[in-house]
Structures are given as C-alpha cells and as structure tokens.
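Input: a single structure, listed below in structure tokens.
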Amino acid sequence: TCEVPVLFAAELATGLFGSFLAAISGGNLYRKSSFLDGALGQQLFPSWLKLDERPHIPRALGSAAFDGDGLATYAKSFVERGELLSYVLGTYSGRKLGMPSTANAGGVHNLFVSHGVEDQKALLKRMGRGLLVTELMGQGLNMVTGDYSRGAGGYWVENGEIQFPVQEVTIAGNMRDMFKQIVAIGNDLELRSNIRTGSVLIERMTVAGS
C-alpha cells in the first residue's frame with residue numbers, strides 16, 4: 001500500500017468528470033445527496049482548468065438544439081479558472097432549488113475539458129513513479145461524501161517508463177481532493193464520449209494490493 005501519482009487513461013478519465021456532473025446535477029442537489037451541495041462559487045479545480053458545454057457542434061455525439069424540457073440549449077461554462085459557476089439544472093430541479101433551468105434536462109451536451117499540450121507519454125515522464133490506470137472495476141463512489149474507491153488494473157511506472165502490468169489493485173481517495181490535485185490533462189482526447197478529455201494525472205492517491 002502506498003500513496004503515489006495516478007494517471008487515468010483518457011477513456012477512463014471521462015468517468016471522473018461524469019461523476020462531477022452527477023454531483024452538480026439538480027436531482028442530487030435538491031435531495032441533499034451530493035458532496036458538492038452548496039459548492040457554487042467555490043474553487044474545486046486548479047485555476048487553469050475549465051469545463052464548458054458546447055451543444056451545437058455539427059454531428060458531435062452529444063449535440064442537441066433542445067433539452068428534455070424543450071428549452072433551447074446554449075453554450076455555457078460550468079467551471080472557469082477552477083471555480084464552479086453553474087449547476088446542471090432542468091426546469092423541475094431548478095424550481096426545487098429556486099434557480100432557473102440551465103437547459104440541461106436530460107444531461108449535458110458535449111462537455112469539453114481544458115487540456116495541455118502533453119500526450120500520454122509525456123505525462124508518464126512527468127509522473128515519474130506511479131500507476132497508469134487502464135481498467136476500472138465496480139462502482140465505488142459515495143455521492144454523499146465524495147469518497148472514491150475502485151478496483152483497478154493498468155501498468156506500474158518507474159522513471160517515467162512502463163515497467164510491468166498491474167491487476168486487482170484498489171485505488172482510493174476523495175473526489176474533492178482528486179479534483180484539486182489534478183496536475184495535468186493530456187491532449188490525447190477521447191472522442192467516443194459526450195465528455196471530451198485527455199488522460200488525467202492526479203498528484204496523489206492511495207494504491208493498495210496484495
């Protein structure tokens with residue numbers, strides 16, 4: 001068991017931001033079942049990170065002119081300079097919270113995550129020693145507390161180079177801490193998802209295995 005940097009491959013990093021969207025969605029917020037309840041205006045990510053929705057990109061996977069309530073969608077930022085600017089609200093959840101709809105009934109349409117110029121290989125060099133995660137197992141997020149624990153597999157990295165495969169380990173942390181400890185996001189964007197992000201390097205997580 002150790003605490004080391006963890007690099008999530010791009011196809012898995014989409015799940016991290018999917019969990020974030022769930023935590024700022026109106027349904028979880030008005031039920032008081034989100035670890036980000038009351039987080040509007042707070043600094044949740046590093047100051048260089050931005051999350052914005054672009055619903056009108058032609059032929060993109062998540063593009064839509066209207067949300068589930070029939071309201072016209074529009075481009076917006078959920079996070080700028082690391083600060084949470086907006087929740088994800090439909091008409092009903094907005095009414096429950098006393099806030100206007102953000103035209104997101106049914107979810108977010110094309111979320112873009114800001115990224116740097118480094119590819120995954122460069123992020124491995126930056127990480128030095130740690131775990132590259134290419135597989136996750138189980139559902140290990142407590143939406144109320146933000147505690148995160150998942151079975152994982154991937155590759156152990158030393159001196160910025162992959163050394164050997166790793167299976168059946170557990171990675172754990174708290175989502176609030178994980179968001180703040182994002183060191184870098186790669187330019188290897190995952191294009192098969194409604195969430196466009198590259199590989200995500202987190203400064204420190206607990207890795208445990210036999």
Side-chain angles (χ1 to χ4, degrees), residues 1 3-53 76-90 92-102 104-109 111-114 131 133 136-152 169-185 190 193-197 199-208:
T1 301
E3 288 193 353
V4 292
V6 171
L7 178 62
F8 287 85
E11 61 269 23
L12 302 181
T14 59
L16 296 178
F17 294 105
S19 296
F20 169 73
L21 291 177
I24 63 169
S25 68
N28 284 323
L29 292 168
Y30 77 71
R31 294 186 186 97
K32 303 295 183 183
S33 60
S34 169
F35 65 95
L36 293 181
D37 181 29
L40 205 61
Q42 293 181 10
Q43 185 90 18
L44 300 179
F45 294 91
S47 58
W48 51 265
L49 195 142
K50 177 180 180 180
L51 301 176
D52 64 299
E53 179 186 28
K76 69 182 76 67
S77 293
F78 292 107
V79 172
E80 280 198 11
R81 296 179 297 278
E83 179 183 330
L84 179 61
L85 300 182
S86 173
Y87 291 140
V88 176
L89 304 175
Y92 180 78
S93 60
R95 188 181 302 119
K96 295 284 281 187
L97 292 168
M99 303 174 74
S101 172
T102 61
N104 288 116
V108 172
H109 309 283
L111 183 77
F112 279 71
V113 182
S114 60
L131 180 67
V133 177
L136 289 171
M137 294 156 279
Q139 300 296 322
L141 172 62
N142 185 322
M143 189 59 69
V144 177
T145 64
D147 290 334
Y148 180 93
S149 179
R150 300 282 301 273
V169 297
T170 300
I171 55 174
N174 184 275
M175 290 294 270
R176 272 186 174 264
D177 296 331
M178 291 163 63
F179 293 153
K180 288 181 179 178
Q181 292 174 5
I182 293 176
V183 175
I185 297 177
E190 173 58 59
S193 170
N194 183 42
I195 299 173
R196 294 196 179 185
T197 178
S199 298
V200 173
L201 177 59
I202 295 178
E203 181 180 3
R204 184 175 64 256
M205 292 185 70
T206 300
V207 178

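Computed over heavy atoms, backbone and side chain alike; hydrogens, waters and symmetry mates excluded.
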Does the gap between the ring centers of Phe45 and Phe20 come in under 6.0 Å?
yes
Closer than 3.5 angstrom, by distance alone: can the side chain of Asn174 be matched with the main-chain N or O of Thr145 as a donor-acceptor pair?
yes
Would you give the length of the straight line joining atom CD of Glu80 to atom OG of Ser47, rounded to the nearest 0.5 angstrom?
12.5 Å
Heavy atoms only: give me the nearest Asp52-Ser77 pair and the separation to one decimal.
CB-OG, 3.8 Å
Where Gly173 and Met205 come nearest, the two heavy atoms and their spacing
N-CE, 4.1 Å
Quick one: are Val108 and Phe17 in side-chain contact, heavy atoms under 4.5 Å?
no
Does the side chain of Arg204 reach to within under 4.5 Å of the side chain of Gln181, using non-hydrogen atoms?
yes
For Pro5 and Leu201, work out which heavy atoms get closest and say how close.
CB-CD1, 4.3 Å
Using side chain to side chain contact (heavy atoms under 4.5 Å, CB included), reason through Trp48 and Ser114 one step at a time and then give a plain yes or no.
CA-CA 8 Å; Trp48 51 265; Ser114 60; 4.3 Å; yes
Measure across Met175 and Leu141 and return the closest heavy-atom pair with its distance rounded to 0.1 Å.
CG-CD1, 3.5 Å
Are any of the side-chain heavy atoms of Ile24 and Ser34 separated by less than 4.5 Å?
no
Apply the test side chain to side chain contact (heavy atoms under 4.5 Å, CB included) to residues Ile202 and Phe8: give CA-CA distance (whole Å), side-chain angles for both, the deciding distance (0.1 Å), then the verdict.
CA-CA 8 Å; Ile202 295 178; Phe8 287 85; 3.6 Å; yes
Value for NZ (Lys180) from CD1 (Ile182), rounded to nearest 0.5 Å, stands at 12.5 Å
Evaluate side chain to side chain contact (heavy atoms under 4.5 Å, CB included) for Thr14 paired with Val113, printing each intermediate quantity in order.
CA-CA 9 Å; Thr14 59; Val113 182; over 6 Å; no
Other residues, nucleotides, ligands: >12 heavy atoms within 6.0 Å of Lys76 NZ:
yes
Nearest 0.5 Å please: distance from the CG atom of Leu85 over to the CZ atom of Phe78.
10.0 Å
Are any side-chain N or O atoms of Ser33 and backbone N or O atoms of Asn28, one a donor and one an acceptor, separated by less than 3.5 Å?
yes
Answer yes or no: is there a side-chain heavy-atom contact under 4.5 Å between Val183 and Val200?
no
Find out whether Val169 and Leu131 are in side-chain contact, i.e. whether some heavy atom of one side chain is under 4.5 Å from a heavy atom of the other.
yes
Answer yes if the side chains of Glu190 and Ser193 hold a donor-acceptor pair under 3.5 Å, and no otherwise.
no
Taking Thr1 for the side chain and Ala208 for the main chain, is one N or O donor matched with an acceptor at less than 3.5 Å?
no
Interatomic distance, CG@Leu36 vs CG@Leu29, rounded to 0.5 Å, equals 8.0 Å
In this structure, CD of Glu83 is separated from CG of Leu40 (nearest 0.5 Å) by 8.5 Å
Pairwise side-chain contact, Leu44 with Val79, heavy-atom cut-off 4.5 Å (strictly under):
no
Ignoring hydrogens and angles, tell me if any N or O in the side chain of Ser199 forms a donor-acceptor pair with the backbone of Ala9 under 3.5 Å.
no
Which heavy atom of Arg176 sits nearest a heavy atom of Ala39, and at what distance?
NH2-CB, 3.9 Å
Under a 4.5 Å cut-off applied to non-hydrogen side-chain atoms, are Thr197 and Ile185 in contact?
yes
So, do Tyr30 and Leu89 sit near enough that their side-chain heavy atoms are less than 4.5 Å apart?
no
Under the side chain to side chain contact (heavy atoms under 4.5 Å, CB included) criterion, do Leu111 and Asn194 qualify, and how do the steps go?
CA-CA 6 Å; Leu111 183 77; Asn194 183 42; 5.6 Å; no
How far does CG of Leu136 sit from CD of Glu11, to the nearest 0.5 angstrom?
9.5 Å
